[in-house]
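Read the numbers this way: they start at 1 and go in the same order the structure lists the ligands and their atoms. Keep in mind the model is a prediction, meaning the values are calculated, not measured.
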Amino acid sequence: MIFNPEYECMDREARKKLQLANLKNLAETLHEKVPFYRDKMDGLGTGAADIHSLADIEKLPFTTKDDLRELYPHGLLACPKDRIVEVHMSSGTTGKPVVDEYTKKDIDIWRESMARTLAGGGCTKDDIVQNCYGYGLFTGGPGAHYGAMTIGAEVLPMSSGNTARQLMVMQDFGSTMLTCTPSYALYMAEEAAEAGIDLRKLPIRKGCFGAEPWSENMRKEIEERYGMKAHDIYGLTEIIGPGVSFECEAQNGLHINEDLFYPEIIDPATGKTLPLGEKGELVFTTLTKEGTPLLRYRTRDITYFIGEPCSCGRTTIRMHRIFGRTDDMLIIRGVNVFPSQIEHALFEIEGTEPQYVIVVDRGAAHLDEVELQVEVKQEFFSDETKGLEGLRARIQNIMKSKLQIAVRVKLVEPKTIERSMGKAKRVVDNRKL
Ligand code: DLL
């Protein structure tokens, strides 16, 4: 299902022209309306007049999360305050939250981008969408809500939590589509199994999951437990919320709504643009927003672009699913490790549940020590200790060969790792670095 073929399947050269015209407009508006950007552009001696091609975007300044925190709450507003109709904020764990202030037109952009996103996951006007992303300042709940309504589907605005009620509604209202974090989807599946509900017999057949990193194996697990197709969706508060990029039925990279959000991949160390296909930091420029538009926002998310055309017919550039964040990357005894690599390796191992926590400590000899706590399937746990010891050794060996670091594995009983209704916390870093 392609929601807006005119823009999603647009000739690539025509799209570039549109992006360039909007980029010039944006640089002009930001110089005129936002003192922060005026100072930055004047400092670099650049501006809209220097933008002759999309490659010239490199002449324009970056924006960072620290800039947003310093300018909290209204420092990036690019239109009169009375034109703002809605505000969202991210749930950062440190410092001030980052803020997105939307005009009516910005909400329309969000509706459009989320309608494209859910349609990519198979949503039609006949669907009943159980929306279990959190509602409130978090963008997940409202974003999926707007998108489903724009398609004309029926929305159940559940928000996250109260899992028994979620399962009751899922059965009684015959939800056909699920939207929530992948970790909450798995948690609900566990609770359903416990309550003797066979999700595969319910009408739920598709889902759009995101807001946190997840792996191909976690997708398989969700697809199997629900008997559904599970799609990855990506976004961030600063840019619009969910709706920045999404998987289509090919499930082979996420299509970026690039007529609205112009993407770049840069080397996080040097800030230089990387050639197509190279892995680096994702950067976005909001081409058409009015409230708090951003120029070259550094997301800290790591991915690469896939340039080849997709079998679905969309012509938009795709990004590989997120590998991790520049700020989530663990450096263990000098080796760079992303939690997603650990997850990927773990899922290959028979006998483990998709629930884990990585605890990092700095030991007595001032060396980093990693403990990987993994839940074991019930049938393995009731087994004799010999079986458990074998499993522990197997996980340890696999981690060593795949990650080149020694990991101490601790097997824990089913259901002992804390479940998450929203974004799961997989890493506890006790090192005071
Ligand atoms: O998480 C927006 C969202 C809501 C996306 C619902 C998808 C679904 P923030 O709270 O601002 O916004 O967090 C943004 O979450 O920079 C990524 O690091 C991470 N993230 C979001 N989607 C994905 C994904 C929402 N599909 C931050 N895969 C981003 C990996 C993701 N990481």
Enquirer: With sequence neighbours left out, what residues match Asp100 under side chain to side chain donor-acceptor pair (under 3.5 Å)?
Expert: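 Asp100: side chain to side chain donor-acceptor pair (under 3.5 Å) contacts with Tyr102, Lys289, Thr292.
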Enquirer: Just jot down the ligand 1 atoms closer than 4.0 angstrom to any heavy atom of Ile233, in number order.
Expert: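 Selected atoms, number and element: 7 (C), 8 (C), 22 (N), 24 (C), 26 (N).
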Enquirer: Who's closest to atom 5 (C) of ligand 1 heavy-atom-wise, of Ser245, Gly324, Gly422, Gly235?
Expert: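 Looking at heavy atoms only, the winner is Gly235.
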Enquirer: Can you see whether Phe3 has Arg116 sitting over its ring - NZ or CZ less than 6.0 Å from the centre and within 45° of the normal?
Expert: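 Not flagged: Arg116 not positioned over aromatic ring of Phe3.
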Enquirer: Does Lys279 make a cation-pi contact with Phe323, if we ask for NZ or CZ under 6.0 Å from the ring centre and within 45° of the axis?
Expert: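 Positive - Lys279 is close enough to the ring of Phe323 and near enough to its axis.
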Enquirer: Distance from Lys59 atom NZ to Leu44 atom CG, nearest 0.5 Å?
Expert: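 Separation between the atoms: 12.0 Å.
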Enquirer: With sequence neighbours left out, what residues match Glu154 under side chain to side chain donor-acceptor pair (under 3.5 Å)?
Expert: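 Applying side chain to side chain donor-acceptor pair (under 3.5 Å) to Glu154 gives none.
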Enquirer: Answer with side chain, backbone, both or neither: which part of Glu212 has a heavy atom less than 4.0 angstrom from an atom of ligand 1?
Expert: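 Near ligand 1, Glu212 shows its backbone, while the atoms from C-beta on stay back.
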Enquirer: Report the part of Ile322 in contact with ligand 1, treating N, CA, C, O as backbone and CB onward as side chain, heavy atoms under 4.0 Å; options are side chain, backbone, both, neither.
Expert: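 For Ile322, only side-chain atoms sit under 4.0 Å from ligand 1.
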Enquirer: Relative to atom 9 (P) of ligand 1, which among Thr299, Thr237, Val244, Leu137 owns the nearest non-hydrogen atom?
Expert: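 The option holding the nearest heavy atom is Thr237.
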Enquirer: Please work out whether any backbone atom (N, CA, C, O) or any side-chain heavy atom from C-beta onward of Arg300 is under 4.0 Å from ligand 1, and answer side chain, backbone, both or neither.
Expert: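 Looking at Arg300 and ligand 1, no heavy atom falls under 4.0 Å.
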Enquirer: Taking the non-hydrogen atoms of Lys423, is any one of them nearer than 4.0 angstrom to ligand 1?
Expert: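 Distance cut 4.0 Å: Lys423 passes for ligand 1.
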Enquirer: If the cut-off is 4.0 Å to any non-hydrogen atom of Tyr133, which atoms of ligand 1 fall inside it?
Expert: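 Here the atoms of ligand 1 in question are 6 (C), 8 (C).
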Enquirer: Under a 4.0 angstrom heavy-atom cut-off, which atoms of ligand 1 come close to Gly140?
Expert: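 Result: 4 (C), 6 (C).
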Enquirer: Establish, from distance only, whether the side-chain atoms of Tyr356 and Glu375 form a donor-acceptor pair under 3.5 Å.
Expert: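 No.
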Enquirer: Would Ala211 count as a polar contact of ligand 1, with the cut-off being nitrogen or oxygen pairs under 3.5 Å?
Expert: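 Yes, since at least one N or O of Ala211 sits under 3.5 Å from an N or O of ligand 1.
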Enquirer: Rounded to the nearest 0.5 Å, how far does OG1 of Thr64 lie from CZ of Arg69?
Expert: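 Those atoms lie 9.5 Å apart.
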